[in-house]
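Residue numbers begin at 1 in each chain, while the letters A, B, ... track the order of the sequences.
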Amino acid sequence: MKYPFADVEKKWQKTWEDNKTYKTDLTDLEKKLYTLVMFIYPSGSKLHIGHWYNYAPTDSWARYKKMRGFNVFEPMGYDAFGLPAENYAIKTGIHPQDSTVTNIDDIREQLKTMGCMYDWDAELMTCVPEYYKWNQWLFIQLYKKGLAYRKNAPVNWCPSCQTVLANEQVQSDGTCERCDTMVERKNLTQWFFKITNYADELLDGLKTIDWPDKTKLMQENWIGKSFGTEVKFGVDGYKDKEIRVFTTRPDTLFGVTYVVLAPELDLVQELTTDENKKAVAEYIESIKSLSEIERTSTVKEKTGVPTGAYAINPVNDEKIPIWIADYALANYGTGSVMAVPGHDDRDFEFAAKFNLPIRKVIFEKGSDADVELTEAYTAPGTMVNSEQFNEMDSIECKSKITDWLSENDNGEKKINYRLRDWLISRQRYWGTPIPIVYCDTCGEVTVPEEELPVELPYEVDFKHDGGSPLEGNAEFLNATCPKCGGAAKRDVDTMDTFMDSSWYYLRYLNPKFSDGMFDTKLGDDWTPVDMYVGGAEHATMHLLYARFIHKFLRDIGMVNSDEPFKRLIHQGTITNNGAKMSKSKGNVVNPGSFIDEYGSDVFRMYLMFMGPYELGGDWSDKGIVGVDRFVQRAYSLFENNKDLSKTVAAPSKFDMEKLTEIEKSVYQLVNKTLSKFEVEIENYRFNTAVATLMELNNGLKELPNCSNEIQLFASERFITMLAPLAPHMAEECWSILGNEKGLFDNPIWFEIDESALVQDSVTIIVQVNGKVRAKFDLPRDSEEATVKETAWNEEKVKAHTDGKTVVKEIYVKNKIYNIVVR
RNA sequence: GCCCAGAUGGUGGAAUUGGUAGACACGUUGGACUUAAAAUCCAAUGACCAUUGCGGUCGUGCGGGUUCAAGUCCCGCUCUGGGUACCA
């Protein structure tokens, strides 16, 4: 009979639900395991193949752990705030709250058809006051510790829409996606969290977590710790002003021939001479629409203008011109750069273009120090034109010059980070209101904790001109100052949604908890999360913010661990015709028709079989029939063994001596498969795990010719391995076999008979000059002399070595015998 | 631009430490079953050359290198994907 997936899946989903099979007892800490997949963003599109690809294998891993006796906690929830719902509202007039709730209800129903082990009692969503209240509480704790502060920062501003745009809403040519107007950069006062205070700890913590190397490397580079020197340049004609620059190359200080300031720095306005004011203003205007990526591109034509002011190089008191150029960024380092055209590629190009002097202060050992530079020399070498440091090694001079600067109060050793503080203000509606009011007398005042949450009002004009939508709601905007009771205004911005996702894993443990942000007892017991799965696109932002917040929570005594996620896996992206699936591109593949045709188990197993989980790939349904055939064959295998476990009992080990040849090979294959399967699943290599089971299935063709005991032995093990990958089918087969209790209600995992894994004979490959010429089987661990003799007796070996001199012979035990001839 | 990945038959992919390249599937071809088709089962299937048979050469994006031996290590590229701080 064909495997009746539709009935089977419905039946077991109901059984699981009735038995509360997947309700996790969080008080049971023995063999506890917290496995978490990044929560779902409830956009308008339904669950697509990408979601299935993310959740199904993750669930299979969790099920494998459950089968092995772990108390598994696997929750699911909704990352419900965010920009797309708001844009959808602007387009359609449907309020974000209404569309989000509808979407979540749809998605929940679809999630349930997947048949995952989610503990639905732990479900959460971020857009409800019970959740976002604690974002506000967290904000206030950060504020109290001096880790939340306001400063000016640029936003994308569309002068025509009179609104702030997300980077995503700016098209590649720098125009607004709604009206094609050129987008400008505009400064606004916004809230920041001092993640930079944790830079070193975020760096060091990477060594303690089991994350992909590439992710740790990306975070390391993102934090970008560099050791260098801060040098103070004087400003000609201003006794009270100085320009501080950070450099990793203090050895080139004598080669500085000009200084570059970021055009946005206030100092620029102060220093620019009258005759240069017009050019400077025009230049600043001309770069208003450039993105940081464009500005810092090393292939772009260099631009800049002189300010007319001069800096004084502290090492030689030389007067050098001060320029402004777009490649200097106000938010990196000090916003000022010392230019050494002789020894920096970008400076060389800039100097060549604007006829600024290029001076050689380092030359390659052994070369002529007087030869003019035709390109920047960036390698270390010998010092020249550097007064008392001449003829020294440039690397040694780094610290020598820094020390000398320190002694004269002209600079000091400095560590610089590429990491910037976390800007959390968003000029948007659909997010957590910032719990701050502004009072004319008291200034910025936090909302008292007992008054939280500051509720997000429903009534709002999303297209409010000039900035944040909340500003247009007078009832929300006008508040009384908690300090003096006078009139005050609320902060009308909302928080970055990364705030929501920075601690949700703690809230899952008890989403209804009302006495605090989360149940700290459960937090201590269940975090760090044992396994976290999500896209690699989160490598540097979400995953860094969550680590930061976790460390902060530790510092205020809320959690007792240093890191939120012990182990991390990234699933790959499933594309369609090479493009990421998205509703806007209209290339979303709906899994529905596949579920109808093959069932949820086959579909999930096919997704796992497609390729390496971390790689993803382009969607194609070409191979799904192969998985379906496998399932049909496996099903008929068990169907033929109805009630077998009621009639026979299989020992957990067999004496191989007493088995027939066929039985022995089946017995060995089953054990070998178990051994391989465990390693593959453990490491999220589902494609090879499925392949291993297919091999087992192919190898079980002789099963009817085995004793009932062997048949039961093989069937039980096959079904338990199938259970994580095809849970409904496995339950069904387990019950066909005659078991009364469900697999996941009474998880079971079988021991491997190690003695069955040992191969008695091995295949030796004989190579001549690295090419395979013969192969033969010998007993494992045969003497080298025996191998050599057998190898030389091979006709082909003789033929390929005949008349040649043997140079050497290499034997790799149990593997290869290589003869090198000339 | 910068940071991080990836590239293997007609297709998806496999290959712990460098040690038989192509597991497992899809597809294709041939066969069995059938009045026929579907389904199922069996066999073959990297390319090229040779062939009655034995066999041989090439082959893991491109160009170099290290090694007895390279998909795997090193150097230099190309293309594709992710991120680049307001998509999440």
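Checked against a 6.0 Å centroid threshold, the rings of A:F594 and A:Y606 do not count as neighbours.
Across all strands shown, B:C79 is found opposite B:G6 as a Watson-Crick or G-U wobble partner, with both distances under 3.5 Å. In this structure B:A47 sits in a base pair with B:U57, meeting the Watson-Crick or G-U test at under 3.5 Å. Both distances falling under 3.5 Å, in either a Watson-Crick or a G-U wobble arrangement, occur for no nucleotide opposite B:G71. As the counterpart of B:U52, no nucleotide is assigned, since no Watson-Crick or G-U wobble pattern has both distances under 3.5 Å. B:A14 is unpaired under the criterion used here, namely a Watson-Crick or G-U wobble arrangement in which both key atom distances are under 3.5 Å.
Dashed line: the shortest gap from a side-chain N or O of A:R629 to OP1 or OP2 of B:U40 is under 4.0 Å. Residue A:H800 places at least one side-chain N or O closer than 4.0 Å to OP1 or OP2 of B:G56. Taking side-chain N and O atoms only, A:K808 has a distance below 4.0 Å to OP1 or OP2 of B:C68. Between A:N769 and B:A69 there is no side-chain N or O to OP1 or OP2 distance below 4.0 Å. For A:T497 and B:A88, the shortest distance from a side-chain N or O to OP1 or OP2 is below 4.0 Å. Taking only side-chain nitrogens and oxygens, A:K701 comes nearer than 4.0 Å to OP1 or OP2 of B:C42. Dashed line: the shortest gap from a side-chain N or O of A:N687 to OP1 or OP2 of B:G12 is not under 4.0 Å.
Each of A:T215 and A:G617 lies near RNA chain B, and the nucleotide nearest A:T215 is the one positioned closer to the 5' end.
The residue A:L217 sits close only to the backbone: its heavy atoms come under 4.0 Å of sugar-phosphate atoms, none of a base.
Atom CG of A:D781 is surrounded by more than 12 heavy atoms from other residues, nucleotides or ligands within 6.0 Å.
For the C1' atoms, the distance linking B:A15 with B:A70 amounts to 13 Å, nearest Å.
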